[in-house]
Amino acid sequence: MPSKYISPISIEAISNLCGELEKNNSINKSDFARYHVKRGLRNEDGTGVMAGLTRICSVEGYYILDGERVAKEGKLSYRGYDINQIVSSCIKENRFGFEEVIWLLLFGELPTVMQLNSLYEVIDACRFLPDDFIEDTIIKNPSRDIMNKLARCIMCLYSYDENPDDISVQNVLRQSMQLIAQCPTIMTTAYQVKRRSYYGKSMYLHPIKKGMSTAEYILRQTRNDKVYTDEEAKLLDIILMLHADHGGGNNSTFVTRVLTSSGTDTYAAIAAGIGSLKGPRHGGANVKATRMMTEIIENVSDPTDEGQIKDYLVKILNKEAGDGLGLIYGMGHAVYTISDPRAVILKNSARELAYRAGYEKEFKTLENIEKVTPGLLRELKGDEKEICANVDLYSGLCYKVLNIPGDLFTPLFASARIVGWCAHRLEELTSSKRIIRPAYKSVSQRRDYVALDKR
Ligand code: COA
């Protein structure tokens with residue numbers, strides 16, 4: 001554990017200032033409507049403000065008819081290919097698909113066998129971290145949060161790059177492929193170091209083995225005994241495919257595009273994406289959803305009973321249970337209405353494994369949350385908007401089935417989504433060429449400056 005640092009600023013000392021701070025930062029809700037501000041970059045009907053064009057990914061959850069938003073089944077496609085087709089083809093052919101998705105998202109076409117093999121070779125060569133990096137950057141300075149460690153390690157890799165600031169497509173592509181390959185190495189190593197530094201357990205830094213799919217590599221590096229089954233690796237592979245991209249507007253990808261538009265370096269842009277993904281309203285929801293599930297099971301006598309689940313969810317919405325924020329994690333989405341295709345695939349892929357691994361109660365609890373929440377939100381909030389389970393409702397249970405520790409839930413999301421961030425950064429560099437710079441209207445009154453001795 002790092003040596004303890006006691007902040008010289010005491011919370012008590014600054015808490016008296018908070019009232020003034022809040023007063024001077026509060027903005028009348030009515031002003032947002034008055035000045036036509038698109039809060040959260042959403043239009044009045046909840047649809048997202050159109051901020052760009054992309055050829056990489058399409059996310060659909062509604063269509064517009066006579067100016068009205070109409071709900072429809074969710075659809076996700078990478079470079080025009082439906083995610084259902086991509087995943088089901090890989091299952092049918094009993095092969096790993098995440099590497100194919102990397103190629104597809106970065107280059108825009110499905111890879112040939114030769115191209116796929118060459119990608120495996122590049123990834124193998126890039127999995128390693130620079131000499132002494134693990135010792136100097138990860139072991140000597142561990143973090144209680146692997147997302148925090150991941151972002152810091154990526155920022156540190158800037159110093160090891162001989163050409164870090166060159167934003168030509170060739171150079172950014174080189175950096176992107178390196179980071180996509182290194183991210184699982186950083187994540188699994190940081191987790192092992194955390195085991196030792198924070199949990200007092202042994203850490204296992206297995207030598208890197210070549211020729212593995214990313215899913216196999218992650219399971220091998222995470223487990224003490226390096227052992228996993230093909231079925232487990234194939235489930236993780238599906239999870240990685242489903243998380244690889246989600247359009248230009250999701251918070252972390254938009255953040256990456258915003259930073260890219262300023263002309264900054266790859267390491268800064270990707271570290272910012274990680275910072276965004278960590279948030280519980282975004283990728284961090286997979287940890288929160290799992291905690292919520294565990295809390296419900298601990299507090300409800302029969303979690304297979306819809307009525308009991310409903311009563312507990314009411315408590316969560318009323319901020320009397322859960323994390324106190326009134327959110328049911330794993331439910332709701334900015335675009336999807338009737339269904340999130342990723343959640344549908346995950347639920348179907350996880351069911352059998354979950355039952356076999358003894359997680360039947362957990363699976364049924366999640367199913368009940370999915371069933372009960374839409375009606376409950378309509379009842380309590382009077383919101384007629386369709387709401388469905390999102391990818392984070394079932395992903396945590398999948399990780400539990402795979403014996404993956406909670407510390408790695410969101411970092412695993414990052415290890416997949418880094419592909420999307422890189423693809424969108426490359427698209428921003430090649431197509432947009434304009435700094436993203438929206439406007440904020442000032443609602444302050446003008447005031448005359450008061451000299452220090454007159455205040
Ligand atoms: N639990 C409780 N309330 C929810 C909710 C949920 N899961 N999802 C939406 N709502 C509420 C919102 O808080 C909002 O209420 P308000 O008007 O009183 O502020 C209202 O419903 C409108 O929400 P909507 O426009 O559909 O959501 P959004 O686009 O602003 O937010 C999410 C989308 C994903 C951030 C939101 O659904 C959420 O916070 N879900 C839980 C976190 C989560 O699972 N995130 C992972 C996303 S993949």
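These numbers come from the heavy atoms of this one structure, side chains and all, not from hydrogens, waters or symmetry mates. Just so you know, ligand 1 is whichever comes first in the structure, and atom 1 is the first atom listed for that ligand. All of these numbers come straight from a predicted model, not from anything done at the bench.
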- prompt: Looking at Lys371 and Glu306, does any basic side-chain N land under 4.0 Å from a carboxylate oxygen?
  reply: yes
- line: Heavy-atom closest pair (Asp407 atom, Ile146 atom, distance to 0.1 Å) is O-CG1, 3.7 Å
Nearest non-hydrogen partners of Val169 and Thr430, listed with the distance: CG2-CG2, 3.5 Å
message: Considering non-hydrogen atoms of the protein only, which is the closest contact for atom 20 (C) of ligand 1, and what is the distance?
response: Asp383 OD2, 3.9 Å
query: Under the 6.0 Å and 45° cation-pi test, does Arg127 pair with Tyr217?
result: yes
task: Could you see which bit of Leu317 sits under 4.0 Å from ligand 1, with heavy atoms only: side chain, backbone, both or neither?
output: side chain
message: Show the atoms of ligand 1 that are less than 4.0 angstrom away from any heavy atom in Gly326.
response: 2 (C)
message: On a heavy-atom basis, which atom in Ala244 and which in Tyr78 lie closest, and how many Å separate them?
response: N-OH, 3.5 Å
query: Which of the atoms in ligand 1, numbered in the order shown and given with their element, are less than 4.0 Å from a heavy-atom of Ile328?
result: 1 (N), 2 (C), 6 (C), 7 (N), 41 (C)
field: Proximal ligand 1 atoms for Lys381, defined as those under 4.0 Å from one of its heavy atoms
entry: 11 (C), 13 (O), 15 (O), 16 (P), 18 (O)
message: Minimum heavy-atom separation for Phe98 and Ser415, please, with both atom names.
response: CZ-O, 3.9 Å
field: Within-shell test, Lys288 vs ligand 1, heavy atom, strictly < 4.0 Å
entry: no
- prompt: Heavy-atom distance from atom 17 (O) of ligand 1 to the protein below 4.0 Å?
  reply: no
- prompt: What's the shortest distance from atom 42 (C) of ligand 1 to any protein heavy atom, and which residue and atom give it?
  reply: Tyr329 CD2, 3.7 Å
query: Near Gly332, which atoms of ligand 1 are under 4.0 Å from a heavy atom of that residue?
result: 34 (C), 37 (O)
Close side-chain approach of Tyr336 to Tyr62, heavy-atom, < 4.5 Å: no
query: So do the side chains of Glu367 and Tyr394 get within less than 4.5 Å of each other, counting heavy atoms only?
result: yes
message: Quick test of your reading of the model: are Asp237 and Lys234 salt-bridged, counting only N-O distances below 4.0 Å?
response: no
- line: heavy-atom search around atom 35 (C) of ligand 1 in the protein gives Arg281 O, 4.1 Å
- prompt: Quick check: does any side chain N or O of Arg42 sit under 3.5 Å from a backbone N or O of Gly40, one acting as donor and the other as acceptor?
  reply: yes
- prompt: Heavy atoms only: which of His282, Arg42, Glu386 is nearest to atom 31 (O) of ligand 1?
  reply: Arg42
task: Please work out which of Leu327, Thr337, Leu380 has its closest non-hydrogen atom nearest to atom 4 (C) of ligand 1.
output: Leu327
- request: Would you mind checking if Lys433 and Glu428 are paired as a salt bridge, meaning a charged N to carboxylate O distance below 4.0 Å?
  value: no
message: For atom 44 (O) of ligand 1, what is the closest protein heavy atom, and at what distance to 0.1 Å?
response: Gly330 N, 2.8 Å
query: Relative to ligand 1, is Ala334 under 4.0 angstrom through side chain, backbone, both or neither, heavy atoms considered?
result: both
- prompt: Just which atoms of ligand 1 are under 4.0 Å from any heavy atom in Lys385?
  reply: 24 (P), 25 (O), 26 (O)
- request: For this output row, return yes or no: ring centroids of His246 and His424 closer than 6.0 angstrom.
  value: no
message: What protein heavy atom lies closest to atom 9 (C) of ligand 1? Include the residue and the distance to one decimal.
response: Ile387 CD1, 4.3 Å
Ligand 1 versus Leu377: contacting region, heavy-atom distance under 4.0 Å: side chain
- prompt: Which of the atoms of ligand 1 are close to Ala285, meaning less than 4.0 Å from one of its heavy atoms?
  reply: 43 (C), 44 (O), 45 (N), 46 (C)
task: State, to 0.1 Å, how close Tyr120 and Met212 come at their nearest heavy-atom pair, and which atoms those are.
output: CE2-O, 3.6 Å
- request: Looking only at distances, please establish whether an N/O atom of ligand 1 is found under 3.5 Å from an N/O atom of Asn390.
  value: yes
- prompt: For atom 40 (N) of ligand 1, what's the nearest protein heavy atom and its distance?
  reply: Met331 O, 3.0 Å
field: Asp392 and ligand 1 - part of the residue with a heavy-atom distance under 4.0 Å
entry: side chain
